[in-house]
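Within every chain, numbering begins at 1; the chains are lettered A, B, ... in the order of the sequence lines, protein sequences first and strands thereafter.
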Amino acid sequence: MRVATWNVNSIRARVGRVVDWLVREDVDVLAMQEIKCKESQFPFEAFQEAGYDVVLHGLNQWNGVAFASRLPMEDVANTFTGMPGFGKELADGSLPQEARALGVTVDGVRLWSLYVPNGRALGDPHYEYKLTWLRELATQTAAWMSAHPTQPLALMGDWNIAPLDSDVWDIGVFAESTHVSVPERAAFAEFERIGLADVVRPLVPTGYTYWDYKQLRFPRNEGMRIDFVMGSQPFADLVTDARIDRNERKGDAPSDHVPVVVDLDLDLSAELATDDDDRPMIFG
DNA sequence: ATGGCCCCGGATCGGGGA
């Protein structure tokens with residue numbers, strides 16, 4: 001099974017590119033972020049004609065997450081328990097929920113499409129929202145893993161965090177910026193503490209997943225690595241290959257992010273974990 | 001090659017992105 005995650009930066013502006021890519025690259029399941037539309041606006045037809053079903057969570061022109069899959073999707077969840085909201089307080093005292101998390105199960109593998117809040121600036125209310133959102137996600141993920149210790153799980157998406165200095169083109173430029181701050185990196189590390197790991201990094205040690213549209217960032221290769229597939233041990237045991245499709249930043253009307261692809265061999269789950277010489281070592 | 005922001009709504013700008 002080939003799975004991928006891609007912040008598409010508006011599916012309506014990019015549907016042709018995305019569907020062409022799915023078919024050309026033989027992808028089974030794609031987690032999308034920033035679809036920037038609600039269900040009534042989603043271009044279902046193009047996906048269906050290519051053999052993909054779509055489930056999505058979109059409330060308005062901001063954020064929005066979706067899955068396209070040519071395998072059956074089950075147990076769809078359009079939020080995680082306790083997900084914080086953001087914005088102007090509602091009549092009941094709560095904050096508006098945003099469309100940033102969507103979970104599905106495909107062939108027994110639990111997958112989430114996540115669009116982590118940007119944070120905007122250090123000290124901005126959105127920055128605290130980002131940290132709280134991540135903390136709650138980690139808490140809920142740990143609880144789920146305790147209840148499903150053997151089921152493969154991956155949190156896929158735009159994490160809006162660069163965990164390593166080498167994940168940005170010039171760490172000096174980011175001295176007072178979001179995405180690289182100590183609290184954000186600590187929030188990311190919490191997912192490693194509860195038993196998830198970046199399953200792509202061991203196979204693709206270098207490379208960015210995002211380049212700003214401005215200032216010739218892509219031609220100069222001034223990018224950021226902020227899109228990750230964080231898998232549990234049972235998920236990592238299935239991984240046979242991974243890649244970052246840098247070509248998707250080229251050509252007409254690209255997203256500012258590119259797809260991150262992971263290949264799984266579901267037959268491996270039935271095998272003993274001893275003779276795994278062909279598989280990459282992901283957990284230490 | 002990969003090229004000097006792009007997306008949205010509902011307007012002719014402002015918010016958001018990172």
Side-chain angles (χ1 to χ4, degrees), chain A residues 5-18 21 32-43 56-66 85-88 95-100 113-131 133-134 157-185 187-188 206-228 244-260:
Chain A
T5 182
W6 193 359
N7 179 323
V8 297
N9 185 21
S10 171
I11 190 57
R12 287 177 289 171
R14 215 92 49 217
V15 58
R17 260 193 98 126
V18 171
W21 180 84
M32 290 175 270
Q33 300 86 39
E34 283 208 88
I35 62 169
K36 291 187 171 177
C37 69
K38 48 193 172 186
E39 186 150 7
S40 62
Q41 301 170 306
F42 192 94
L56 70 96
H57 182 42
L59 299 171
N60 48 44
Q61 70 269 41
W62 293 298
N63 316 306
V65 283
F86 183 79
K88 189 180 173 188
L95 298 178
Q97 292 272 301
E98 299 184 315
R100 295 182 176 275
S113 178
L114 301 172
Y115 181 44
V116 175
N118 170 290
R120 294 180 187 165
L122 302 182
D124 192 288
H126 209 260
Y127 179 76
E128 291 305 319
Y129 170 48
K130 178 181 195 173
L131 296 176
W133 196 94
L134 286 164
D158 177 356
W159 289 75
N160 271 320
I161 296 172
L164 306 179
D165 286 358
S166 56
D167 291 333
V168 298
W169 78 91
D170 180 356
I171 193 63
V173 172
F174 286 80
E176 301 300 323
S177 300
T178 59
H179 293 63
V180 300
S181 72
V182 169
E184 288 166 284
R185 287 177 169 176
F188 188 82
T206 62
Y208 303 131
T209 64
Y210 162 88
W211 297 260
D212 200 307
Y213 288 119
K214 292 183 283 191
Q215 297 176 266
L216 291 169
R217 291 298 187 212
F218 184 59
R220 298 180 193 277
N221 196 28
E222 295 176 343
M224 304 172 73
R225 185 165 178 146
I226 54 177
D227 299 271
F228 301 107
I244 298 170
D245 195 347
R246 194 174 184 282
N247 282 332
E248 280 306 304
R249 188 63 177 79
K250 303 176 183 177
D252 291 332
S255 171
D256 42 3
H257 296 250
V258 294
V260 179

Would you mind classifying the nucleic acid contact of A:D252 as base, sugar-phosphate or nothing, using non-hydrogen atoms under 4.0 angstrom?
-> nothing
For nucleotides 2-10 of chain B, 5' to 3', base contacts (B), sugar-phosphate-only contacts (S) and non-contacts (-) with protein non-hydrogen atoms under 4.0 Å give BBSBSSSS-
Distance check, C1' atoms only: B:dA1 and B:dG16, in whole angstrom units.
31 Å
Phosphate oxygens OP1/OP2 of B:dG17: is one of them under 4.0 Å from a side-chain N or O of A:H257? no
Do the charged groups of A:R185 and A:D165 touch, with an N to O distance under 4.0 Å? yes
From the list A:L134, A:I226, A:V180, side chain to side chain contact (heavy atoms under 4.5 Å, CB included) partner of A:I161 resolves to A:L134
| task | Sticking with atom P, work out how far B:dC8 lies from B:dA18, rounded to a whole angstrom. | result | 15 Å
Rounded to whole Å, CZ of A:F174 lies from P of B:dG17 at a distance of 16 Å
Contact class for A:Y115 (heavy atom, under 4.0 Å): base, sugar-phosphate, or nothing? sugar-phosphate
Rounded to whole Å, the CG-P distance (A:D227 to B:dG17) equals 15 Å
Using the P atoms only, state how far B:dG10 lies from B:dG15, rounded to an integer number of Å.
15 Å
Whole-Å distance, A:H126 NE2 to B:dG15 P, equals 15 Å
Going through the distances and angles, do A:I11 and A:C37 end up as a side-chain contact (heavy atoms from CB on, under 4.5 Å)? CA-CA 8 Å; A:I11 190 57; A:C37 69; 3.9 Å; yes
Atom CG of A:N160 and atom P of B:dG16 are separated, to the nearest Å, by 15 Å
Between CZ of A:R100 and C1' of B:dG17 the distance, given in whole Å, is 10 Å
- For the pair A:N9 and A:H257, evaluate side-chain contact (heavy atoms from CB on, under 4.5 Å) and give the outcome as yes or no after the intermediate values. CA-CA 8 Å; A:N9 185 21; A:H257 296 250; 5.7 Å; no
Exercise for the section: Could you tell me how the ring of A:H126 sits relative to the ring of A:F86: parallel (under 30°), tilted (30 to 60°) or perpendicular (over 60°)? Expected result: perpendicular
Here the distance between atom C1' of B:dA18 and atom CG of A:N63, to the nearest Å, is 14 Å
Checking all strands, does A:R120 fall into the base, sugar-phosphate, or nothing category for heavy-atom contacts under 4.0 angstrom?
sugar-phosphate
Task: Main-chain N/O of A:N63 paired to A:R100 side chain as donor or acceptor, under 3.5 Å - done: no
Separation of B:dG14 atom C1' from A:W62 atom CH2, nearest Å, is 10 Å
Which of A:W62, A:W6, A:Y115 passes side-chain hydrogen bond (donor to acceptor under 3.5 Å, both in side chains) with A:E34? Answer is A:Y115
